[in-house]
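The next block holds one structure in the form of structure tokens; read it before the comments.
Any value given below was found using the heavy atoms of this structure, including those in side chains, with hydrogens, waters and symmetry copies removed. Letters go in sequence order (proteins before strands), and every chain restarts at 1.
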Protein chains: 2
Amino acid sequence: MTGTYARHDIFQAIADPTRRELLSMLAEQEMPVTAISAQFPISRTAVSKHLHILSEAGLVTERKAGRETRYKLQPEALLELKQWLSYYERFWDKKLAALRSFVESGETQDK
Amino acid sequence: MTGTYARHDIFQAIADPTRRELLSMLAEQEMPVTAISAQFPISRTAVSKHLHILSEAGLVTERKAGRETRYKLQPEALLELKQWLSYYERFWDKKLAALRSFVESGETQDK
DNA sequence: ATTATATGATACCTTTTGGTTTCATGTCAA
DNA sequence: TTGACATGAAACCAAAAGGTATCATATAAT
């Protein structure tokens, strides 16, 4: 955590397990920093830095409400990941198809 | 890169841009280390380390063939990522549904 | 007005990461 | 069997990452 939050992309953002936990915690409820960090063994400052990284990657939104800052999930940001993944899905689909036809041809031989 | 490759998970593995490039390069063809590293501006050793990390995460397979080691994509490993993502898809689906009904109710009022 | 709360900003520290260079080893070819 | 090629392994390095503690500031509550 560098202090100058220099453009983390979504892949880096979700690489950290703590940040993935943060995302799941913020999926259903909007929460302020103190309430969030109470759920973690690390300091409030550390949690706050993770939240900034997630925010920078567009995965959560920050909203000031009086003296607190409330965070919640911005699920649309995960679309980029979904698209990245979809490119590779065809490769595992291809392998599954190959396996299926192999099994089927095996059955044909047996009959 | 630590030398002792201590269990990288798939999220860490895909966090690095070089490693993501490696994956796309190995998606179609199986390739040996030297041929792979010729495509990158970094040293062969560095590429080799990235390949080990990907291999450890199950994203590529290593196969020794004579004096060379050939790598290729193991696309099934990405299933874990797909499952993680699918949990969040319902959140953005929910938002889309809310938006749609808002737009529709607006149209109703206009008529 | 004064105190307590919620958070951000800084400075600092340690470990991990991504990279390099050099050396060792196994394999192929002449 | 000697040399060239493909890799792995080790030692080392600078920068980034994750974390802490402390200080400053804005907002609420008494």
Taken to the nearest whole Å, CD/A:Glu56 to P/D:dA16 is 14 Å
In whole angstroms, the gap separating P of C:dA9 from CD1 of A:Ile53 amounts to 14 Å
From CG of B:Leu51 across to C1' of D:dG8 the rounded distance in Å is 12 Å
Shortest non-hydrogen pair, B:Glu62 vs B:Thr69, comes out as OE1-CG2, 4.1 Å
Looking at A:Lys49 and A:Glu56, does any basic side-chain N land under 4.0 Å from a carboxylate oxygen? no
To the nearest angstrom, the CG-P distance between B:Asp16 and D:dA17 comes to 11 Å
When rounded to the nearest 0.5 Å, the distance separating CG of A:Leu78 from CG of A:Leu73 is 6.5 Å
Between CD1 of A:Ile36 and C1' of C:dT5 the distance, given in whole Å, is 16 Å
Rounded to whole Å, the CG-C1' distance (B:Leu54 to C:dT17) equals 14 Å
Closest non-hydrogen atoms of A:Arg19 and A:Gln12, given as atom of the first, atom of the second and distance, are NH2-O, 3.1 Å
- Message: It should be established whether A:Gln12 places a side-chain nitrogen or oxygen under 4.0 Å from OP1 or OP2 of nucleotide D:dA16.
- Response: no
A:Val33 and A:Ser48 have their tightest heavy-atom pair at CG1-CB, 4.4 Å
With the side chain defined as heavy atoms from C-beta on, B:His50 is closest, among C:dG19, D:dT7, D:dG18, to C:dG19
Margin query: Taking any heavy-atom pair under 4.0 Å as a contact, classify A:Tyr71: base, sugar-phosphate, or nothing.
Written below: sugar-phosphate
A:Arg19 atom CZ is separated from D:dA17 atom P, nearest whole Å, by 9 Å
Atom NE2 of B:His52 and atom P of C:dT16 are separated, to the nearest Å, by 20 Å
Contact string for nucleotides 21-30 of chain C, one letter per nucleotide 5' to 3', B = base within protein heavy-atom range under 4.0 Å, S = sugar-phosphate only, - = neither, reads B-----BS--
### Task
Anything under 30° is parallel, anything over 60° is perpendicular, the rest tilted; go ahead and classify B:Trp84 against B:Tyr88.
tilted
A:Ala77 and A:Gly58 have their tightest heavy-atom pair at CB-O, 3.1 Å
